[in-house]
Amino acid sequence: MDPLYKQYPVHLEDSLRRSKELLTPVSEGRVGMYVCGPTVYSNVHLGNARTFTSFDFIFRYLSHLGYKVRYVRNITDAGHLENDADEGEDKIAKRARLEELEPMEIVQRYTVDFHNVMHQLNALPPSIEPTATGHIVEQIEMIQAIIKSGWAYESNGSVYFDVDAYNHDGGSYGELSGRKMDELQAGSRALDGQDEKRNLADFALWKKASASHIMRWPSPWSIGFPGWHLECSAMSTKYLGEDFDIHGGGMDLKFPHHECEIAQNIATNGKKGARYWMHANMLTLNGKRMSKSTGNTILPKELFNGNNPILVKGFNPSVVRFFMMQAHYSSVLDFSNDALLAAEKGHHKLMSAWSKLQVLSSSKESTWNLQAWLEKCYRSLSDNFNSPILISHLFEAIKVINQSENQIALTASDLELFKQKMDAFVFDILGLQLEEQGTAQNEALDKAMDLVITLRAKARENKDWNTADIIRDQLAAAGIKLKDGAHGTSYEI
RNA sequence: GGUUCCGUGGCCGAGUGGCUAGGCACUGGUCUGCAAAACCAGCUACAGCGGUUCGAGUCCGCUCGGAACCUCCA
């Protein structure tokens, strides 16, 4: 039996070629994927979380297909400057100064926060999660290799990548983002404090630390710290090789970050690094990109607990994930309370149908073409990871499940396969989770509710509508909703 | 100003030239003591103008509107 990836070969949108490409891994059956992780200088916001959720979904699908995936996602804990001018301060160091903490305390605090959030969103941990500070040696080695290539120069203890020289020698800095060098330089003329650079487009590989800079390491050029773009080149090469499969990240990193990565990789070993470059799109709030600096953000924590003025209530992390999965990873998605409310209902409908499926009984014949449905589901996923299309097919299945009692029948083996694949699509690939039944973790409450529901059922039997409605209304006022179904009453908080 | 991209029915959101995306809302129905919930059914749009084509939401051009990047952000 062929692995699933042979049955359903993946085509993915490659930002570099600007086309949909058939995924053909460097090594048959294995996929190396590198995703640019967060800079841990503050709480991750929901926009950050979307990118990592998108790649988690991609990781999950590739794994499901039978690929052995090595998924590397870094933590940037040094070198990310506030801006590119000479006096630019390292984000981590700045935060440490402001909060009067060790930089590593900042790093630790926000790394933990990041992990917590991603765990709540049910994102699987990557295979390797390397840090910039843990790879200073590798970065220094890479700088030496780039200097040797002739495309970097030292200036006052700092080292810069020489973009002009690189492009003059046939390099293609700008090809990923479609930028032309003369335009770039015209556009950035306004910046000052760039004395050390030969050209405005040049970017730092190593920065000499100023006296006040806390994070510093010795190097052949100065006591300093690595440039932000370098860590991803160094770590992707170290763990995935010079020629690996997928490089991912947020759309905002396309330029300059990924452009610089490609140039560094070429300068080091003549290869671009990844064969396919993928970009997850932005999550906007009020039609604008989420941004910490402008305050146009919402934290996942606030979304989960409802503690934000734009929200009427908190939302289950799985609902949030479902909301994200209903849009394609490469499209801008606009966040709103209404959109979340709609997603919550859809999510609930999906999970209810899943529960129904578990207790469905089989028939002698199938009157629904399960295979054709499976085919559609896989085709949508293998077509550039189209989660919204998959979800539309899931809703078709939901209709089937709901109609199963009188119109649609499935054989025992079909039913078994159906259940198995629903689990795969809903939980393993989309990464959704069942809603907790009310706060059913609380056994005492569950028992108390059973009692109340029984009493109300008695009242209803006796046609004591008054009592029954008082119970229902009072509970509703307390935030507990009763649902009368054909097989009794359940509750929801 | 440059680069990249988007503009789809009340809202969100897929659509790689020809066949109903889907969800939410809404309307009608089933169920129910009533309501809610649940389920079923209905609802048919592609910013504007022009062009290519037998045929365009889908390709080309222009206009209008919006976004991201070009300085830190996934």
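Lettering of chains follows the sequences in order, A, B, ..., and the numbering in each one begins at 1.
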Check: If the sugar-phosphate is the primed atoms plus P, OP1 and OP2 and the base is the rest, what is the B/S/- string for nucleotides 28-36 of chain B, using protein heavy atoms under 4.0 Å?
Finding: -----BBBB
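For the pair Lys288(A) and Asp334(A), the salt-bridge criterion is not met [side-chain N within less than 4.0 Å of a carboxylate O]. At a threshold of 4.0 Å, the pair Arg456(A)-Asp464(A) does not count as salt-bridged, since none of the basic side-chain nitrogens sits closer than that to a carboxylate oxygen. Under the 4.0 Å criterion applied to side-chain N and carboxylate O atoms, Arg460(A) and Asp484(A) are assigned as salt-bridge partners.
The nucleotide rG18(B) finds its pairing partner in rC54(B), both defining distances of the Watson-Crick or G-U wobble pair being shorter than 3.5 Å. Taking a pair to require two hydrogen-bonding distances under 3.5 Å in either a Watson-Crick or a G-U wobble arrangement, rC11(B) pairs with rG23(B). The pairing partner recorded for rU44(B) is none, the criterion being a Watson-Crick or G-U wobble arrangement whose two distances lie under 3.5 angstrom. With a cut-off of 3.5 Å on both pairing distances, the Watson-Crick or G-U wobble partner of rU4(B) is rA67(B).
In this structure, Asp252(A) reaches the bases: a heavy-atom distance under 4.0 Å links it to at least one base atom across the strands shown. Using a 4.0 Å heavy-atom distance criterion, Ala327(A) is classed as a sugar-phosphate-only contact. Nucleic acid contact class of Gly249(A) (heavy atoms, under 4.0 Å, all strands): sugar-phosphate only. Residue Ser291(A) is classed as a base contact, given a heavy-atom separation below 4.0 Å to a base. Residue contacts for Lys20(A): at a heavy-atom cut-off of 4.0 Å it reaches a base atom on one of the strands shown.
Residues Arg50(A) and Leu283(A) share a closest heavy-atom pair of CD-CB, 3.9 Å. A pairwise comparison of heavy atoms in Pro126(A) and Arg73(A) identifies CD-NH2, 3.4 Å as the closest pair.
Between Ser331(A) and rA14(B) there is a side-chain N or O to OP1 or OP2 distance below 4.0 Å. Contact check, Lys399(A) against rA41(B): a side-chain N or O comes under 4.0 Å of OP1 or OP2. In this structure, Lys345(A) does not reach the rG23(B) phosphate: none of its side-chain N or O atoms is under 4.0 Å from OP1 or OP2. Contact annotation: Lys349(A) side-chain N/O to rA38(B) OP1/OP2 distance is not under 4.0 Å. For rA38(B), the OP1/OP2 oxygens have no side-chain nitrogen or oxygen of Gln403(A) closer than 4.0 Å. Residue Asn386(A) places at least one side-chain N or O under 4.0 Å from the OP1 or OP2 atom of rG15(B). Distances shown here put a side-chain N or O of Arg289(A) below 4.0 Å from the OP1 or OP2 atom of rC69(B).
One P atom belongs to rC43(B), the other to rG10(B), and the distance between them is 15 Å to the nearest Å. Between rA21(B) and rU58(B), the distance separating the two C1' atoms is 15 Å to the nearest Å. Atom P of rG61(B) sits at a distance of 41 Å from the matching atom of rA25(B), rounded to the whole Å. rG1(B) and rU53(B) have their C1' atoms separated by 37 Å, with the value rounded to a whole Å. Only the P atoms considered, rC24(B) is 41 Å distant from rC62(B), to the nearest whole Å. Spacing between rA68(B) and rU30(B) at atom C1', rounded to whole Å, works out to 49 Å. The separation of rA35(B) from rG18(B), taken at their P atoms, amounts to 46 Å, rounded to a whole angstrom. For the C1' atoms, the distance linking rG55(B) with rG17(B) amounts to 8 Å, nearest Å.
Mapping Leu341(A) and Arg18(A) onto RNA chain B via the closest heavy atom, the residue that lands nearer the 5' end is Arg18(A). Between Leu333(A) and His45(A), the residue anchored nearer the 5' end of RNA chain B, judged by the nucleotide with its closest heavy atom, is Leu333(A).
If you measure from atom CZ of Arg50(A) to atom C1' of rA67(B), you get 13 Å, rounded to the nearest angstrom. The CD-P distance, from Glu396(A) to rG23(B), rounds to 10 Å in whole Å. Atom pair Asn402(A):CG and rA37(B):C1' shows a separation of 13 Å (rounding to whole Å applied). Here the C1' atom of nucleotide rA74(B) and the CE atom of Met118(A) are 10 Å apart, to the nearest Å. For the pair His229(A) NE2 and rA74(B) P, the interatomic distance rounds to 13 Å; values are reported in whole Å. Atom CD1 of Ile391(A) is separated from atom P of rA21(B) by 18 Å (rounded to the nearest Å). When rounded to the nearest whole Å, the span between CE of Met251(A) and C1' of rA74(B) equals 11 Å. Distance Ile389(A) CD1 to rG22(B) P: 10 Å, rounded to the nearest Å.
For Pro256(A), counting side-chain heavy atoms from C-beta on, the closest listed nucleotide (rA14(B), rC70(B), rA74(B)) is rC70(B). With distances taken from any side-chain atom of His328(A) to the nucleotides rG15(B), rA74(B), rC73(B), the minimum falls on rG15(B). If you check rA74(B), rA21(B), rU3(B) against the side chain of Thr51(A), the one that comes closest is rA74(B). With distances taken from any side-chain atom of Phe395(A) to the nucleotides rA14(B), rC69(B), rG23(B), the minimum falls on rG23(B). Minimum atom distance to the side chain of His348(A) is reached by rA38(B), of the listed rA74(B), rA21(B), rA38(B). Relative to the side chain of Phe255(A), the nucleotides rC69(B), rA14(B), rU4(B) differ in distance, and rC69(B) lies closest. Listed nucleotides rA14(B), rU4(B), rC73(B) differ in distance to Lys254(A); the shortest reach to its side chain belongs to rU4(B).
For Tyr110(A) and Tyr41(A), the ring centers sit 6.0 Å or farther from each other. Checked against the 6.0 Å centroid criterion, the rings of Tyr166(A) and Tyr173(A) do not qualify as a close aromatic pair. Aromatic ring centres of Phe425(A) and Tyr378(A) lie closer together than 6.0 Å.
Because its NZ or CZ atom is not both nearer than 6.0 Å to the ring centre of Tyr160(A) and within 45° of the ring axis, Arg198(A) does not count as a cation-pi partner of that residue. Stacking of Arg179(A) on the aromatic ring of Phe255(A) is recorded, both the 6.0 Å distance cut-off and the 45° axial limit being met.
In this structure, Leu176(A) CG and Arg18(A) CZ are separated by 7.0 Å, a value rounded to the nearest 0.5 Å.
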